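Beneath this line is the structure, given in structure tokens, with notes to follow.
Just so it is clear, the structure is predicted and the values come from calculations on it, not from any experiment. Whatever order the structure lists ligands and atoms in, that order sets their numbers, starting from 1. Just the heavy atoms: all of them, side chains too, but no hydrogens, waters or symmetry mates, feed the values below.
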Amino acid sequence: MSTTEELQTLVLTILDAKGTIPNTKDLVTSDNKEVDQLALLGALKSLSIADKEMVKYETIEEEIWVLTDEGNEIADKGSHEAKVFDAIPVGEEGIAISALREILDETAKIGQGKAFKNKWVIKRGDNLVRAVDSIIDQTRIDLEVIRSTGTHSDPKVLFELRKRKLCDKHKVISYSVSKGPKFSLTIEKQARDVTFEMLQSGEWKTANFKKYNFDALGIPPSGGHLHPLMKVREEFRQIFFEMGFEEMPTNKFVESSFWNFDSLFQPQQHPARDAHDTFFLKDPAICTQFPTEYLKRVKEVHSIGGYGSTGYGYDWKIEEAQKLILRTHTTAVSSFMLYNLAQQKEFKPVKYFSIDRVFRNETVDATHLAEFHQVEGVIADKGLTLGDLIGFMNTFFNKMGVKNLRFKPAYNPYTEPSMEIFSYHQGLGKWVEMGNSGMFRPEMLEPMGLDPEVRVIAWGLG
Ligand code: PHE
């Protein structure tokens with residue numbers, strides 16, 4: 001079979017020479033083979049798509065009659081009734097029916113009836129005898145005509161032979177092709193991908209790109225399994241869902257310093273905001289869209305305090321908050337979600353969780369990467385206490401099979417009290433840190449507009 005390119009060249013050269021192709025069923029390839037119309041359709045389609053328009057084509061639907069296997073057999077060797085006639089010797093005696101069966105088998109059975117009907121044979125005792133000198137095998141002749149012309153002048157014959165399952169009607173599709181407005185002999189190769197070379201040379205600006213085919217089906221993967229990290233992530237998710245948590249949208253790896261630090265009451269001169277610990281973006285380097293009123297309240301609580309706090313007493317700068325970074329913890333998302341919660345008319349308790357990537361500018365070694373996953377949970381309700389946090393941690397870790405938990409006082413700019421969570425690792429024979437937790441500070445929650453009665457317990461793992 002010819003390739004799409006070969007078929008396209010064939011069509012284009014004929015169009016160039018003759019102007020049109022009335023019916024593609026008459027096309028032959030350079031090595032004198034019939035053209036597969038389905039393959040041709042592919043070639044025509046790609047020559048006629050909207051941004052190419054090199055050719056125009058219309059579909060021609062024709063009916064042709066084709067012989068079945070049995071029909072072909074008869075066209076080659078004669079009908080059953082003719083075989084019966086031929087098997088009977090000339091003369092008065094003829095042949096015994098049982099002997100005929102032996103020679104012709106099935107054919108004897110099928111052919112006899114028809115041979116009687118045609119008055120070619122008669123029965124004499126147990127024998128069959130010829131009734132005429134010679135016969136004309138019309139069935140065979142008709143089938144030969146159909147085979148070579150695809151039809152027959154007498155519709156009754158076609159009807160009859162089809163009933164006998166010797167031939168059948170088929171639909172054949174072919175095409176009439178003419179030149180399109182952008183006809184040319186050369187097919188411009190369309191680029192499929194933006195390559196490194198194209199970017200470097202600037203060729204991507206002028207390249208003719210192949211349109212994306214959104215209808216194309218993907219290649220089904222032959223197999224696969226979850227990445228170990230994704231398996232653990234699934235386990236955590238299931239536990240959270242079981243406990244009635246909603247998943248937070250964590251699809252923003254790039255965050256403003258405002259949501260990652262300032263909204264969390266993390267002072268601007270805090271060491272974590274240093275380029276040693278945080279990845280800063282160069283282009284674009286800043287973000288300028290923040291909720292104005294809230295931004296003002298954050299600035300105030302940092303610089304002069306409020307909500308019963310004295311604040312940090314420093315000169316808070318918007319330029320620092322505007323800096324774009326790769327988020328250093330998923331608490332940036334929690335903060336954004338709590339701000340949104342505070343904007344609801346009526347407070348309703350929530351349980352949120354997230355599991356996603358965070359980034360820190362660490363020296364990479366065997367146990368440290370510049371990116372890792374955090375599991376984070378947030379519960380907001382009136383009257384929650386540290387006891388709730390400890391209780392919740394125990395239930396959560398028990399569900400994962402971690403039994404021995406210990407809590408150690410810690411410090412976070414955004415939580416008070418804060419606790420590090422440890423669990424005893426049987427294999428390592430020591431206490432290992434699992435995560436960090438606490439109750440979000442009023443300096444973080446109240447500027448958002450949350451009711452001062454609302455307490456938020458939160459923890460991060462990983
Ligand atoms: N953001 C903290 C970390 O990255 C974890 C944490 C989340 C602590 C929520 C307290 C509350 O370690």
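- Classification of Lys317 and Glu319 as a salt-bridged pair fails, no side-chain N sitting under 4.0 Å from a carboxylate O.
- Taking any N or O of Trp459, backbone or side chain, none lies under 3.5 Å from an N or O belonging to ligand 1.
- In this structure, atom 1 (N) of ligand 1 lies nearest to the protein heavy atom Thr331 OG1, 2.7 Å.
- Residue contact check: Gly460 has heavy atoms under 4.0 Å from atoms 5 (C), 6 (C), 7 (C) of ligand 1.
- Heavy-atom proximity to Ala458, at under 4.0 Å, picks out these atoms of ligand 1: 9 (C), 11 (C).
- Of all the heavy atoms of Ser418, none lies under 4.0 Å from any atom of ligand 1, so neither backbone nor side chain is involved.
- Checking only distances, His329 does come within under 3.5 Å of ligand 1, N or O to N or O.
- The closest protein non-hydrogen atom to atom 12 (O) of ligand 1 is Asn436 ND2, 3.8 Å.
- Ligand 1 lies within reach of Arg360, whose nearest heavy atom is under 4.0 Å from it.
- Protein heavy atom in closest approach to atom 2 (C) of ligand 1: Tyr414 OH, 3.1 Å.
- Proximity of the aromatic rings of Trp259 and Tyr339 is defined here by a centroid distance below 6.0 angstrom, and this criterion is met.
- Of all the atoms in ligand 1, the ones that sit under 4.0 Å from a non-hydrogen atom of Asn412 are 8 (C), 10 (C).
- Under a cutoff of 6.0 Å and an axis angle of 45°, Lys252 and Phe336 form a cation-pi pair.
- Given atom 4 (O) of ligand 1, the protein heavy atom at minimum distance is Gln374 NE2, 2.8 Å.
- Between Glu73 and Lys77 there is a salt bridge, with a side-chain nitrogen of the basic residue lying less than 4.0 Å from a carboxylate oxygen of the acidic one.
- In Gln269, the CD atom is crowded: over 12 heavy atoms of neighbouring residues, nucleotides or ligands sit closer than 6.0 Å.
- Side-chain N or O atoms of Arg327 include one that pairs as donor or acceptor with a backbone N or O of Thr250 at under 3.5 Å.
- The pair Lys382-Glu453 fails the salt-bridge criterion, with no side-chain N (NZ, NE, NH1 or NH2) lying under 4.0 Å from an Asp/Glu carboxylate O.
- Applying ring-ring contact (aromatic ring centres under 6.0 Å, His included) to Phe392 and the options Phe353, Phe240, Phe397, Phe245 leaves one that passes, Phe245.
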